[in-house]
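All values reported here derive from a predicted model rather than from experimental measurement. Protein chains get the first letters and strands the later ones, always in sequence-line order, with residue 1 at the start of each. Reckoned from all heavy atoms, side chains included, excluding hydrogens, waters and symmetry mates.
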Protein chains: 2
Amino acid sequence: MSASERPLRADARRNRESVLDAAGELFAERGDAVQMDEIAERAGLGVGTVYRHFADKQALLAAIIGRRFEAMTESARAADDSEEPGTAFEELLHTYLESAQADAGFRFALLGPEEPSWVQIASEKTDFGEIIERVVQRAVDAGWLRADFSAQDFVLISRGAMANMTGADDWRRYVELMLEGVRGPDPQ
Amino acid sequence: MSASERPLRADARRNRESVLDAAGELFAERGDAVQMDEIAERAGLGVGTVYRHFADKQALLAAIIGRRFEAMTESARAADDSEEPGTAFEELLHTYLESAQADAGFRFALLGPEEPSWVQIASEKTDFGEIIERVVQRAVDAGWLRADFSAQDFVLISRGAMANMTGADDWRRYVELMLEGVRGPDPQ
DNA sequence: GATGAACCGGAACTCAGGTTCCGAATATAG
DNA sequence: CTATATTCGGAACCTGAGTTCCGGTTCATC
């Protein structure tokens with residue numbers, strides 16, 4: 001239980017990274033449909049090695065999604081740095097959706113019905129939720145978003161957009177329409 | 001090939017209906033996750049009997065979805081009967097989403113990435129697509145919807161709403177927001 | 001009612017994909 | 001350089017879910 005302190009052997013550490021990278025790529029391409037054997041192959045390792053580092057498929061995916069969420073949190077923080085509240089909100093939404101567009105696995109994690117959702121798990125490790133709340137509040141206060149807009153609505157919009165990410169990029173049109181409906185009295 | 005004319009034996013016809021009903025209910029509850037054995041059990045029959053009537057799981061699901069689409073087409077036609085274009089559009093959207101809400105299987109069919117999509121297959125058998133187009137056009141002409149709104153946008157909105165049908169009915173709020181963004185110059 | 005074709009039941013089969021296991025290989029301490 | 005704990009590889013195993021098969025049963029006809 002507490003032996004987690006002994007540092008990994010050099011090769012083990014290297015391999016762990018390889019697995020994470022390979023799984024990340026494949027997961028981004030095809031979501032949950034990736035197979036453990038493929039991951040091992042792409043990493044240039046045997047399946048046994050994959051299992052040495054991650055208890056099971058679920059644990060591996062959780063690790064990847066955690067990674068993604070950390071990156072997302074970083075982007076969100078950057079968006080929050082914008083002076084202009086409207087710009088901050090747009091940038092946040094943009095980065096979020098652009099990531100989802102590029103990563104079927106991310107979408108899978110966000111749209112899937114898993115319980116407890118991976119999002120919840122990841123939220124406990126990052127302050128992604130808080131950042132969203134702050135950015136939304138700023139945009140509302142500035143009149144850029146309608147007064148009753150909430151962080152929960154951000155989730156609604158995002159999920160809707162992701163559901164439309166199938167090949168073509170119709171989803172951009174979708175976001176356009178949606179932003180129209182969500183606009184406040186002073187949209188700059 | 002042409003022997004499809006000999007009428008089914010009475011018990012066979014009855015059983016076929018039972019399978020369709022049982023599968024329909026289960027599919028509505030849990031989507032693609034239903035198992036053939038469960039379907040057989042709920043229908044009070046053996047699996048063999050299920051397979052006697054449907055070549056495989058896919059064929060069974062296709063039959064069910066076909067049924068749903070016929071019902072939907074009927075509802076859509078009814079909506080189109082409304083004098084008021086705005087009302088017709090709202091009714092259409094409402095019935096469509098209400099059906100999706102009540103039926104995980106329907107959602108599964110509409111959101112899933114299957115290719116060729118079940119929607120396409122079903123569209124060839126009904127004139128659902130044409131009805132949507134007509135209703136949308138009427139609402140646009142009346143100024144109830146923005147001028148550039150298309151039937152494709154109806155699909156975008158619907159998919160977005162369905163992606164938010166998870167337990168709670170947040171999706172109603174979603175539709176509210178979206179309709180705001182899609183409104184025309186003369187929303188009655 | 002007897003006869004045969006159509007139909008039914010459900011145990012057994014198949015196949016895919018996650019997981020385990022252990023002998024072989026390798027890194028690190030002394 | 002040797003000893004030993006770690007780590008690796010990948011064939012074998014296990015499980016779950018779709019599908020098949022065929023002896024028994026039921027309907028329709030004469």
Side-chain angles (χ1 to χ4, degrees), chain A residues 1-24 26-27 29-65 104-105 108-109 112 114 118, chain B residues 1-24 26-27 29-65 104-105 108-109 112 114 118:
Chain A
M1 267 299 153
S2 58
S4 65
E5 289 324 299
R6 199 190 338 253
L8 286 176
R9 231 170 66 176
D11 55 344
R13 191 164 50 256
R14 210 178 322 129
N15 288 337
R16 189 171 201 287
E17 276 319 294
S18 297
V19 169
L20 235 24
D21 288 345
L26 288 169
F27 190 52
E29 283 168 25
R30 313 216 309 278
D32 189 40
V34 278
Q35 291 167 218
M36 296 301 269
D37 289 14
E38 293 178 273
I39 293 173
E41 188 181 6
R42 159 118 32 154
L45 300 167
V47 233
T49 305
V50 175
Y51 278 94
R52 160 157 286 272
H53 292 290
F54 300 93
D56 53 25
K57 192 179 182 181
Q58 173 112 349
L60 174 54
L61 297 190
I64 292 172
I65 292 169
F108 169 80
E114 318 296 320
W118 270 312
Chain B
M1 270 297 154
S2 56
S4 66
E5 287 325 298
R6 198 187 341 250
L8 286 174
R9 229 169 69 175
D11 57 344
R13 190 164 50 256
R14 209 178 325 130
N15 289 338
R16 189 173 202 285
E17 275 320 294
S18 298
V19 170
L20 235 24
D21 289 344
L26 288 169
F27 190 52
E29 283 168 25
R30 314 215 312 277
D32 190 39
V34 278
Q35 292 169 215
M36 296 302 269
D37 289 16
E38 294 179 90
I39 293 173
E41 189 181 6
R42 159 119 31 153
L45 300 167
V47 232
T49 306
V50 175
Y51 278 93
R52 159 158 287 272
H53 292 290
F54 301 94
D56 53 25
K57 191 179 184 182
Q58 172 113 349
L60 173 54
L61 297 190
I64 291 172
I65 292 167
F108 168 80
E114 318 295 320
W118 271 313

Between [X] ([atom1]) and [N] ([atom2]), how many Å, whole number?
X: Phe54(B); N: dT20(D); atom1: CZ; atom2: C1'; value: 18 Å
X: Lys57(A); N: dG18(C); atom1: NZ; atom2: C1'; value: 8 Å
X: Ile39(A); N: dG10(D); atom1: CD1; atom2: P; value: 17 Å
X: Asp56(A); N: dG17(C); atom1: CG; atom2: P; value: 18 Å
X: Glu41(A); N: dG17(C); atom1: CD; atom2: P; value: 14 Å
X: Asp32(A); N: dG17(C); atom1: CG; atom2: C1'; value: 12 Å
X: Arg30(A); N: dG17(C); atom1: CZ; atom2: P; value: 10 Å

task = Indicate for each nucleotide in nucleotides 6-13 of chain C, in 5' to 3' sequence, whether protein heavy atoms under 4.0 Å reach the base (B), only the sugar-phosphate (S), or nothing (-).
result = BBBBBB--
message = I need the full list of side chain to side chain donor-acceptor pair (under 3.5 Å) pairs touching residues 9-18 of chain A, with sequence neighbours left out, sorted by first then second residue.
response = Arg9(A)-Asp11(A), Glu17(A)-Arg67(A)
key: Within residues 47-60 of chain B or reaching into it, pairs that qualify as side chain to side chain donor-acceptor pair (under 3.5 Å) - sequence neighbours excluded   = none
note = Sequence neighbours excluded, the answer for side chain to side chain contact (heavy atoms under 4.5 Å, CB included) partners of Glu29(B) is Leu26(B), Arg42(B)
remark   = By side chain to side chain contact (heavy atoms under 4.5 Å, CB included), Ala63(B) pairs with (sequence neighbours left out) Leu20(B), Phe54(B)
request  = Could you tell me which residues satisfy salt bridge (Lys or Arg N to Asp or Glu O under 4.0 Å) with Arg30(B), sequence neighbours excluded, listed by chain and number?
outcome  = Glu38(B)
request  = Classify the nucleic acid contact of Val34(B) as base, sugar-phosphate or nothing, counting any heavy atom under 4.0 Å across all strands shown.
outcome  = sugar-phosphate
ask   = Taking side chain as C-beta onward, heavy atoms only, is Leu61(A) less than 4.5 Å from Asp32(A)?
value = yes
